[in-house]
Amino acid sequence: QVQLVESGGGLVQAGGSLRLACAASGRTFSVYTISWFRQAPGKEREFVAATIHWSGGYTYSADSVKGRFTISRDNAKNTAYLQMNSLKPEDTAVYYCAAGRPITTAQVMSVMNYDYWGQGTQVTVSS
């Protein structure tokens, strides 16, 4: 079992920055791909970024956040991070971290391939 707890959300003006953290319980953090997803009101949950478990540090991001968001992980601290810069109002959503063991890039981007989810943290970007 893995329990995930997100933190770091809040209200920020457009152009600002936030850093989200995802703290995991258990001693098997390093064997999981850790990803961030987000869900805006009335929309489906969408992939944001992933740090891949098999790749020794490879990360993958959605086109909508490339160049603005950076995902990282510290396996010694059982924590993953999402640094969000140049935030836009359309980034407003509840952000979730998830742990799983997807194999392909397509699987990484799908909510169906994650076994564990955090409770979410709200990010609101004002214009």
Side-chain angles (χ1 to χ4, degrees):
Q1 283 278 9
V2 177
Q3 291 184 328
L4 304 173
V5 178
E6 301 98 334
S7 62
L11 173 64
V12 64
Q13 290 187 334
S17 298
L18 283 173
R19 189 192 195 203
L20 306 183
C22 173
S25 65
R27 293 182 290 178
T28 57
F29 180 78
S30 62
V31 305
Y32 290 99
T33 285
I34 304 296
S35 293
W36 289 93
F37 289 80
R38 65 186 181 186
Q39 188 165 18
K43 295 188 177 181
E44 293 187 352
R45 194 167 297 188
E46 66 172 1
F47 171 79
V48 176
T51 171
I52 310 298
H53 71 278
W54 72 79
S55 65
Y58 178 75
T59 62
Y60 183 73
S61 301
D63 289 343
S64 60
V65 305
K66 281 182 180 176
R68 300 189 299 124
F69 292 10
T70 302
I71 189 171
S72 62
R73 67 193 294 166
D74 185 337
N75 288 335
K77 295 182 178 180
N78 279 9
T79 303
Y81 304 95
L82 185 67
Q83 177 67 45
M84 305 187 296
N85 298 328
S86 302
L87 282 160
K88 305 175 182 180
E90 51 263 45
D91 294 318
T92 295
V94 177
Y95 283 71
Y96 299 90
C97 68
R101 304 188 71 178
I103 304 299
T104 66
T105 300
Q107 290 178 352
V108 167
M109 298 176 66
S110 171
V111 299
M112 301 296 293
N113 297 295
Y114 291 85
D115 302 309
Y116 306 103
W117 291 84
Q119 83 288 349
T121 185
Q122 176 70 46
V123 172
T124 303
V125 184
S126 62
S127 57

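Below, all heavy atoms of this structure are taken into account, side chains as well, without hydrogens, waters or symmetry copies.
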Practice task
Give a yes or no on whether a salt bridge exists between Lys66 and Asp63, defined as a side-chain N under 4.0 angstrom from a carboxylate O.
Solution key: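 Answer for the salt bridge query: yes.
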Minimum heavy-atom separation for [X] to [Y], with atom names?
{"X": "Ser17", "Y": "Gln83", "value": "CB-NE2, 4.0 Å"}
{"X": "Val125", "Y": "Lys88", "value": "CB-O, 3.3 Å"}
{"X": "Leu87", "Y": "Arg68", "value": "CA-NH1, 3.9 Å"}
{"X": "Leu82", "Y": "Ala49", "value": "CD1-CB, 4.2 Å"}
{"X": "Val2", "Y": "Tyr116", "value": "O-CD2, 3.3 Å"}

Please determine whether residues [X] and [Y] belong to a single hydrophobic cluster, defined as Ile, Leu, Val, Met, Phe, Trp and Tyr linked transitively by side-chain heavy-atom distances below 4.5 Å.
{"X": "Ile71", "Y": "Val65", "result": "yes"}
{"X": "Val108", "Y": "Trp117", "result": "yes"}
{"X": "Met84", "Y": "Phe47", "result": "no"}

Handout entry: Exceeds 12 heavy-atom contacts within 6.0 angstrom, atom CD of Gln3
Key =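 For Gln3, atom CD is not crowded (no more than 12 foreign heavy atoms under 6.0 Å).
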Problem - Asp115 side, atom CG; Tyr32 side, atom OH - distance, nearest 0.5 Å - result: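 The distance works out to 6.5 Å.
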Practice task
Report the distance from atom CG of Leu11 to atom CD of Gln122, rounding to the nearest 0.5 Å.
Solution key: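 Here the rounded value is 9.5 Å.
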Practice task
State, without any angle test, whether Ser35 and Tyr114 hold a side-chain donor-acceptor pair at a distance under 3.5 Å.
Solution key: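 Looking only at side-chain atoms, Tyr114 and Ser35 do form a donor-acceptor pair, the distance falling under 3.5 Å.
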